[in-house]
Amino acid sequence: IFSSQYHYILDPNDLECSLCMRLFYEPVTTPCGHTFCKNCLERCLDHTPQCPLCKESLKEYLASRKYMVTSILDMLIKQYLRDEYAERVKAHQEETRELSDLTKNVPIFVCTMAYPTVPCPLHVFEPRYRLMIRRCMDTGTRQFGMCINDPQKGFADYGCMLIIRSVHFLPDGRSVVDTIGGKRFRVLSRGMKDGYSTADIKHLEDTKVKDREELEKLQDLHDAVYDQACVWFQNLKIRFHNQILQHFGPMPEREADIQATANGPAWCWWLLAVLPIDPRYQLSVLSMTSLRERLVKIQHILTYLQSIPNN
Ligand SMILES: [Zn+2]
Ligand SMILES: [Zn+2]
């Protein structure tokens, strides 16, 4: 009786978010007294630090990042609108599931070249990418694809997953995101989601060499190119040498098993990231699934760079 009585007073429409027109999910209330779903309000604040209803400044509210759920509302909804709430939770879980898929509709950051195992710090300020990074964190995937721009297609056919190691939020909502390269991928199809690009992707893996003789040759080639890379790096002007150390850290060590991972030795990717070459060229090496081909290409680049006086 108690419950049904309250159902009279408690109209689900009164507990509807004015941004998504649905029942509040994780309702937060601004200092000006307006309530929205947490996710809905955050998306508004990505664009401008104002209350979407009364336009009062929410700069300080945004800077504090303390979006506490309004527990009295949350409790009322859970207790007296049980069915509506269950529906709302189901919808939210469905959305989360869709956003968590790591091969279908994967979020794509169109910005720079990224490589497996190589750190990639990002400064995130565009609203669409703020949303993307937040979703990666909220869903728990902590991953997104990175591709360079392509004038015709929007973004390149190949890219690299970036794994978020940490996010540092600045008071105005921008953030510094520390990432490191994961799997490489090929783009199968392109899409859009809430302003940012998405793609269906297929992960790339190096084809393993099994033949013993061939593997020995590959190891010799690998050792020769590794030594050549060390010489190139050591002979670099001290200014460039130090800049590289600062941005990318030292050159990774030689690995015991050159075919241990699907991406091959880490030093190849580190080198590719620091070599002063055109991104289109870097992209072609990223897309290769043969370690031998990759080493030959790197060898050519190094030989060319070393042939230029005062490189
Ligand atoms: Zn909402
Ligand atoms: Zn307001």
Side-chain angles (χ1 to χ4, degrees), residues 3 6-101 104-107 109 124-142 144 164 167 169-175 177 191-198:
S3 161
Y6 265 83
H7 219 107
Y8 264 100
I9 308 164
L10 215 60
D11 184 341
N13 293 323
D14 293 338
L15 295 170
E16 193 176 80
C17 168
S18 58
L19 294 170
C20 68
M21 315 302 271
R22 298 188 289 183
L23 185 67
F24 286 131
Y25 186 78
E26 298 182 325
V28 293
T29 306
T30 60
C32 50
H34 292 117
T35 304
F36 312 93
C37 309
K38 179 171 168 285
N39 284 350
C40 293
L41 179 63
E42 283 194 293
R43 284 185 65 175
C44 283
L45 297 182
D46 284 341
H47 294 270
T48 166
Q50 277 180 350
C51 172
L53 273 185
C54 71
K55 306 293 171 203
E56 186 159 310
S57 169
L58 294 177
K59 262 191 185 141
E60 278 174 43
Y61 184 65
L62 174 67
S64 77
R65 299 195 54 77
K66 288 198 183 80
Y67 309 125
M68 303 287 276
V69 169
T70 311
S71 47
I72 180 75
L73 272 181
D74 200 41
M75 210 185 65
L76 278 175
I77 292 169
K78 284 174 184 166
Q79 204 161 349
Y80 299 112
L81 297 172
R82 206 165 290 168
D83 294 346
E84 291 87 343
Y85 179 70
E87 274 297 304
R88 187 69 180 85
V89 169
K90 227 171 90 184
H92 178 78
Q93 284 169 342
E94 186 54 41
E95 285 160 21
T96 303
R97 218 182 348 263
E98 277 169 28
L99 292 171
S100 306
D101 200 314
K104 284 202 167 58
N105 298 313
V106 177
F109 202 124
V124 178
F125 52 90
E126 282 184 63
R128 55 184 175 153
Y129 290 134
R130 292 188 196 185
L131 173 64
M132 177 200 282
I133 296 295
R134 203 164 50 243
R135 281 178 172 166
C136 290
M137 298 306 283
D138 288 349
T139 57
T141 65
R142 298 177 77 105
F144 56 89
I164 300 172
V167 183
F169 288 98
L170 303 172
D172 62 2
R174 290 177 297 147
S175 57
V177 183
M192 287 291 276
K193 173 91 182 164
D194 301 324
Y196 58 78
S197 295
T198 61

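We count ligands from 1, going down the list as the structure has it; atoms in each ligand are counted the same way. What you see below is based on every heavy atom in this structure, not just the backbone, and it leaves out hydrogens, waters and symmetry mates.
When rounded to 10 degrees, the angle formed at the Zn ion (ligand 1) by SG (Cys37) and SG (Cys40) equals 110°. Rounded to 10 degrees, the SG-metal-SG angle spanning Cys17 and Cys20 at the Zn ion (ligand 1) equals 110°.
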Using side chain to side chain contact (heavy atoms under 4.5 Å, CB included), reason through Cys37 and Arg88 one step at a time and then give a plain yes or no.
CA-CA 11 Å; Cys37 309; Arg88 187 69 180 85; 3.9 Å; yes
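Closest non-hydrogen pair, Thr35 versus Pro27, comes out as CG2-CB, 3.8 Å. Across Leu58 and Leu41, no two heavy atoms sit closer than the pair CD1-CD1, 4.5 Å.
Judged by distance alone, the side chain of Arg130 and the main-chain N or O of Val124 form no donor-acceptor pair under 3.5 Å. Under a 3.5 Å cut-off, the side chain of Thr141 and the backbone N or O of Ser100 do not form any donor-acceptor pair. Looking at Arg142, its side chain never comes within 3.5 Å of a backbone N or O of Cys136 through a donor-acceptor pair.
Neighbours of the Zn ion (ligand 2) restricted to protein N, O or S atoms under 2.8 Å: the count is 4.
Legend: residues meeting side-chain contact (heavy atoms from CB on, under 4.5 Å) with Arg128, ordered by chain and number and at least two apart, are Glu126, Tyr196.
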